Amino acid sequence: MPAIEDLDEVVRIVAHEMSAHLGEGRVADYIPALARVDPRQFGISIVTTDGRVASAGDAKTPFSVQSVSKVFTLALAINRLDEALWNRVGREPSGSRFNSIVQLEQEKGIPRNPFINAGALVVTDAVIAGGKPSEAITDIAGFMRRLAMDEDVSIDPEVAASEADTGFRNASLAYFLRSFDNLQSPVEEVLEVYFNQCALRMTCRQLARAGLFLAQDGLDPLNQIQVTSPQRTRRINAIMMTCGHYDASGDFAFKVGLPGKSGVGGGILAIAPRRASIAVWSPGLCEAGNSLVGAMALQRLAALTGWSVF
Ligand code: GLN
């Protein structure tokens with residue numbers, strides 16, 4: 001079948017097909033504030049490198065970006081530490097759950113990659129860089145607003161508090177990292193910033209817009225901000241492809257063929273290099289903690305557009 005060029009048509013078809021699957025999967029119930037979200041929602045937004053936007057479904061409904069934020073803190077941390085970051089965190093797929101603690105002990109406090117929770121805590125620590133947590137939170141939120149070109153990007157205090165109240169697993173990972181001397185700031189401060197970055201509230205439209213620099217050598221083509229270098233951009237995309245969906249990353253690469261990063265709020269950011277940034281959202285998750293309908297939608301999008309990188 002020839003690729004469909006009309007992106008309004010693509011999002012319309014995908015949203016229509018996904019309407020038969022709404023409510024599939026399970027919302028993340030280990031974070032009480034996320035457990036209350038209605039799973040019967042789906043949004044999709046595509047922003048192309050030449051500024052076209054196509055959206056469908058609940059693309060204007062804000063949701064909790066959760067681990068999708070890890071792509072953006074990684075960009076900030078690489079800019080800050082450059083090669084030195086890779087002494088503190090690896091870049092291999094983990095093959096384990098996103099919050100696994102076993103691997104961290106075996107590998108002596110060097111997390112497998114920046115997208116599992118342990119790795120993301122190290123990345124957040126690098127963003128804090130010994131400064132105040134409130135300043136790092138302001139920096140991260142400001143970065144997202146600038147990239148989304150929208151002041152209406154906020155942090156949901158209820159979600160951040162809900163995670164802090166129940167984040168015993170993340171606290172354990174952080175103390176473990178500290179015991180291996182792989183956190184510079186106090187554990188409580190790293191967790192505070194981490195929970196706040198995960199609690200960023202964005203729409204598909206805003207998220208797709210914010211990810212656009214990843215599709216264009218690190219240069220945001222719409223506001224001309226050089227967010228990071230071309231080489232770092234290639235590396236972030238490589239890690240999204242190999243690690244962005246935790247222990248289901250291979251399956252996502254197999255079915256979709258685009259670098260992607262998921263979050264337990266049900267969002268996924270996918271990058272079609274040189275073409276577009278795409279955000280989908282549907283709260284029901286698969287076993288591995290990735291949006292079930294979101295991944296299905298991206299599989300259809302890749303088939304309709306022919307955008308797979310392979
Ligand atoms: N805030 C969530 C956690 O730390 C993020 C996990 C995710 O989105 N995969 O558990």
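Every value quoted in this text rests on a predicted model; they were computed, and no experiment measured them.
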Worksheet item: Hey, mind stepping through Arg52 and Asp50 against salt bridge (Lys or Arg N to Asp or Glu O under 4.0 Å) and telling me if it holds?
Response: CA-CA 6 Å; Arg52 283 173 296 145; Asp50 57 5; 3.3 Å; yes
Is any side-chain heavy atom of [X] less than 4.5 Å from a side-chain heavy atom of [Y]?
| X | Y | result |
| --- | --- | --- |
| Ile78 | Trp86 | yes |
| Phe115 | Leu74 | yes |
| Leu177 | Leu121 | yes |
| Val65 | Phe72 | no |
| Thr233 | Gln216 | no |
| Ser64 | Asp156 | no |
| Ile110 | Asn87 | no |
| Val127 | Ile140 | yes |

According to a 4.5 Å side-chain heavy-atom criterion applied to Ile, Leu, Val, Met, Phe, Trp and Tyr, with indirect links allowed, do [X] and [Y] form part of one hydrophobic cluster?
| X | Y | value |
| --- | --- | --- |
| Val190 | Leu85 | yes |
| Leu219 | Leu222 | no |
| Ile31 | Ile116 | yes |
| Phe310 | Trp307 | yes |
| Met144 | Tyr194 | yes |

Are there more than 12 heavy atoms of other residues, nucleotides or ligands under 6.0 Å from atom [atom1] of [X]?
| X | atom1 | value |
| --- | --- | --- |
| Arg26 | CZ | no |
| Gln224 | CD | yes |
| Gln226 | CD | yes |
| Glu287 | CD | no |

Worksheet item: Any ion pair linking Glu107 and Arg88 (charged N to carboxylate O, less than 4.0 Å)?
Response: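 No, no charged N to carboxylate O under 4.0 Å.
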[atom1]-[atom2] distance between [X] and [Y], expressed to the nearest 0.5 angstrom:
| X | Y | atom1 | atom2 | answer |
| --- | --- | --- | --- | --- |
| Ile44 | Leu301 | CD1 | CG | 5.0 Å |
| Asn117 | Ser172 | CG | OG | 11.5 Å |
| Phe213 | Ile225 | CZ | CD1 | 10.5 Å |
| Ile4 | Thr305 | CD1 | OG1 | 9.0 Å |
| Glu24 | Leu285 | CD | CG | 13.0 Å |
| Ile128 | Glu135 | CD1 | CD | 11.0 Å |

Expected list for residues 32-42: side-chain donor-acceptor pairs under 3.5 angstrom, two or more places apart:
| from | atom 1 | to | atom 2 | distance (Å) |
| --- | --- | --- | --- | --- |
| Arg36 | NH2 | Glu158 | OE2 | 2.6 |
| Asp38 | OD1 | Arg40 | N | 2.9 |
| Arg40 | NH1 | Leu22 | O | 3.2 |
| Gln41 | NE2 | Asp38 | O | 2.9 |

Worksheet item: Looking only at side chains, do Asp150 and Gln206 share a donor and an acceptor under 3.5 Å apart?
Response: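 Indeed, the side chains of Asp150 and Gln206 share at least one donor-acceptor pair under 3.5 Å.
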For [Y], is there any backbone N or O sitting under 3.5 Å from a side-chain donor or acceptor partner on [X]?
| X | Y | value |
| --- | --- | --- |
| Asn237 | Leu214 | yes |
| Asn79 | Val227 | yes |
| Asn182 | Gly109 | yes |
| Ser19 | His16 | yes |
| Ser162 | Val159 | no |

Practice prompt. Given side-chain hydrogen bond (donor to acceptor under 3.5 Å, both in side chains), test Lys70 with Thr73 step by step and report yes or no.
Written response: CA-CA 5 Å; Lys70 295 173 183 174; Thr73 48; over 6 Å; no
Worksheet entry | Contact list for residues 198-213, test salt bridge (charged side-chain N to carboxylate O under 4.0 Å, His left out), sequence neighbours left out |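 Every pair satisfying salt bridge (charged side-chain N to carboxylate O under 4.0 Å, His left out) with a residue in residues 198-213: Arg209-Asp220.
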Could you report the tightest heavy-atom contact between [X] and [Y], atom names first, then the distance?
| X | Y | value |
| --- | --- | --- |
| Ser249 | Cys243 | OG-C, 3.3 Å |
| Ser55 | Ser45 | OG-OG, 2.8 Å |
| Gly294 | Ser282 | N-CB, 4.2 Å |
| Leu292 | Cys286 | CD1-CB, 3.6 Å |
| Arg169 | Asn99 | NH1-O, 3.3 Å |
| Ala174 | Leu183 | O-CD1, 3.5 Å |

Worksheet entry | Check against side-chain contact (heavy atoms from CB on, under 4.5 Å), Val280 and Met18 | CA-CA 11 Å; Val280 293; Met18 293 310 120; over 6 Å; no
Residues 254-276 side chain polar contacts: donor-acceptor under 3.5 Å, at least two apart:
| from | atom 1 | to | atom 2 | distance (Å) |
| --- | --- | --- | --- | --- |
| Lys255 | NZ | Asp251 | OD2 | 2.9 |
| Lys261 | NZ | Gly244 | O | 3.0 |
| Lys261 | NZ | Tyr246 | OH | 3.1 |
| Ser262 | OG | Asn290 | OD1 | 2.5 |
| Arg274 | NH2 | Asp217 | OD1 | 3.2 |

Worksheet entry | Derivation of the side-chain contact (heavy atoms from CB on, under 4.5 Å) call for Val102 and Ser96 | CA-CA 9 Å; Val102 174; Ser96 309; over 6 Å; no
Worksheet item: Of all residues at least two apart in sequence or in a different chain, which pass the side chain to side chain contact (heavy atoms under 4.5 Å, CB included) check with Ala279?
Response: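 Partners of Ala279 under the side chain to side chain contact (heavy atoms under 4.5 Å, CB included) test: Cys204, Leu207, Ala208.
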Worksheet item: Looking at residues at least two apart in the chain, or sitting in another chain, which of them share a side chain to side chain contact (heavy atoms under 4.5 Å, CB included) with Ile137?
Response: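 Expected list: Ile155, Glu192, Val193, Asn196.
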Item to complete: Starting from the C-alpha separation in whole Å, work towards a yes-or-no answer on salt bridge (Lys or Arg N to Asp or Glu O under 4.0 Å) for Asp152 and Arg145.
Response: CA-CA 7 Å; Asp152 192 27; Arg145 286 189 194 109; over 6 Å; no
Worksheet item: With sequence neighbours left out, what residues match Phe63 under ring pair (Phe, Tyr, Trp, His ring centres under 6.0 Å)?
Response: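 So Phe63 forms a ring pair (Phe, Tyr, Trp, His ring centres under 6.0 Å) with Trp281.
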Practice prompt. Classify the angle between the aromatic ring planes of His245 and Phe252 as parallel (below 30°), tilted (30 to 60°) or perpendicular (above 60°).
Written response: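 The arrangement is parallel - the two ring planes meet at less than 30°.
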Practice prompt. Go through the steps to decide whether Arg178 and Glu189 satisfy the test salt bridge (Lys or Arg N to Asp or Glu O under 4.0 Å), and finish with yes or no.
Written response: CA-CA 12 Å; Arg178 185 72 189 81; Glu189 296 187 4; over 6 Å; no
Worksheet entry | Worked check of side-chain contact (heavy atoms from CB on, under 4.5 Å) between Thr61 and Thr203 | CA-CA 5 Å; Thr61 306; Thr203 64; 5.9 Å; no
